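First the structure, in the form of structure tokens, and then the observations on it.
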Amino acid sequence: MRRHPRRGEAGRQVTAPTKRGAEIGRRIGVGLMYGLWKPRVLGAWKVPATGPVILAVNHSHNIDGPMVIGVAPRASHFLVKTEAFVGPLGPFMRAVGQLEVDRSTADRTAVTRALDVLKEGGVLGIFPEGSRGEGDFAALRAGLAYFAVRGGAPIVPVAVLGSAEKSGRLIKALPPLRSRVDVVFGDPFDAGDGSGRRTRKALDEATERIQKQLAAHLDNARRLTGR
């Protein structure tokens, strides 16, 4: 993806994410995730090898995003809340292709940059529940449907299981070191009804279809992993 500056919502200059940055992030993620924990990855072959795609990931722990970045077969750009871009972590996350989003407002800059990722045939990672919680896909925001329909990208459901089961002894905020974390990729599907409509009603209907697909994938992932 081209690297070019834009002016953000507050007038700050922002830089478009690059595929090279995301690939560097993926390689770092591989080393960290497999070095600190024991990921068991199922169904990674289901992620389309080329073209735009959205990874819809459940979210119950802070390591869920980095875990998927590290085990996914393609480099990805995740939409991450702006609160995570603090201190030296902010420049690093931007450098490795992650997308800052302000959840308190309609962040047009983040939306444009996310659509740019899909337009360039990249992988966009989204936590459709909006924030960390039970990780059960019970309540979805409409953003996922919007990006899928507007970007013309299939959705691949991703279930991360085991990240929030226990706290580590040394670092309470993380899962126990060398514990197993399961990441299950599902079959890609289209969110729209084929009409190309982007009305509020169409997006609401797409969100409902997405919720059913994601919930079914999570149930299947739990049966496969026994978690």
Side-chain angles (χ1 to χ4, degrees), residues 1-29 47-48 50-59 62 64-70 72-132 140-158 188 190-192 196 198 200 203 206-207 210:
M1 179 175 293
R2 299 186 308 274
R3 193 174 180 84
H4 56 90
R6 277 203 185 97
R7 290 289 171 180
E9 295 284 324
R12 73 179 189 282
Q13 194 174 68
V14 296
T15 305
T18 66
K19 291 181 179 179
R20 182 175 181 273
E23 178 58 31
I24 292 173
R26 189 187 73 83
R27 294 179 183 182
I28 294 173
V47 178
T50 59
V53 64
I54 296 174
L55 302 180
V57 186
N58 68 325
H59 196 23
N62 286 332
D64 295 339
M67 181 64 66
V68 175
I69 289 172
R74 294 174 61 186
S76 54
H77 306 266
F78 267 77
L79 280 167
V80 183
K81 61 182 181 182
T82 190
E83 293 87 347
F85 289 74
V86 295
L89 189 59
F92 169 76
M93 291 178 66
R94 296 184 189 99
V96 296
Q98 305 316 302
L99 308 176
E100 182 177 359
V101 58
D102 184 351
R103 299 178 301 172
S104 66
T105 185
D107 192 337
R108 294 189 299 273
T109 298
V111 170
T112 299
R113 296 171 77 202
L115 289 174
D116 282 347
V117 167
L118 298 176
K119 183 178 180 180
E120 295 290 335
V123 179
L124 179 65
I126 295 180
F127 299 111
E129 296 160 290
S131 60
R132 182 160 47 92
L140 304 188
R141 294 190 175 187
L144 175 54
Y146 175 82
F147 287 121
V149 174
R150 175 77 183 274
I155 296 172
V156 172
V158 186
D190 293 322
R198 300 174 187 172
R200 171 67 65 180
L203 292 179
T207 298
I210 291 170

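All figures in this text were calculated on a predicted structure; none of them were measured in a lab.
Remark: Glu120 does not engage Lys19 in a salt bridge, criterion side-chain N to carboxylate O under 4.0 Å. With respect to Glu23 and Arg26, a salt bridge is recorded, a charged nitrogen being found less than 4.0 Å from a carboxylate O.
Closest approach of Val53 and Pro48 over heavy atoms only: CG2-CD, 3.9 Å. Ala114 and Leu99 make their closest contact through CA-CD1, 3.8 Å (heavy atoms, listed as atom of the first residue, atom of the second, distance). Closest of all the heavy-atom pairs between Ala148 and Ala191 is CB-CB, 3.8 Å.
Contact check for Val80 versus Val101: no side-chain heavy atoms found under the 4.5 Å cut-off. With a 4.5 Å cut-off on side-chain heavy atoms, Ile54 and Leu144 count as touching. Proximity of Val68 to Phe127: side-chain heavy atoms (C-beta onward) are nowhere separated by under 4.5 Å. A 4.5 Å side-chain heavy-atom check between Arg74 and Val47 finds at least one atom pair inside the cut-off.
Judged purely by atom type and a 3.5 angstrom limit, Gln98 uses its side chain to pair as donor or acceptor with the backbone of Phe78.
For Phe147, there are no ring-ring contact (aromatic ring centres under 6.0 Å, His included) partners two or more places apart in sequence or in a different chain. Judged as a side chain to side chain donor-acceptor pair (under 3.5 Å), and not counting sequence neighbours, the contacts of Asp102 are Ser104.
How far CZ of Phe85 is from CE of Met93: 4.0 Å, rounded to the nearest 0.5 Å. Summarising the geometry, atom CG belonging to Leu124 is positioned 10.0 Å from atom CD1 belonging to Ile155; distances are rounded to the nearest 0.5 Å.
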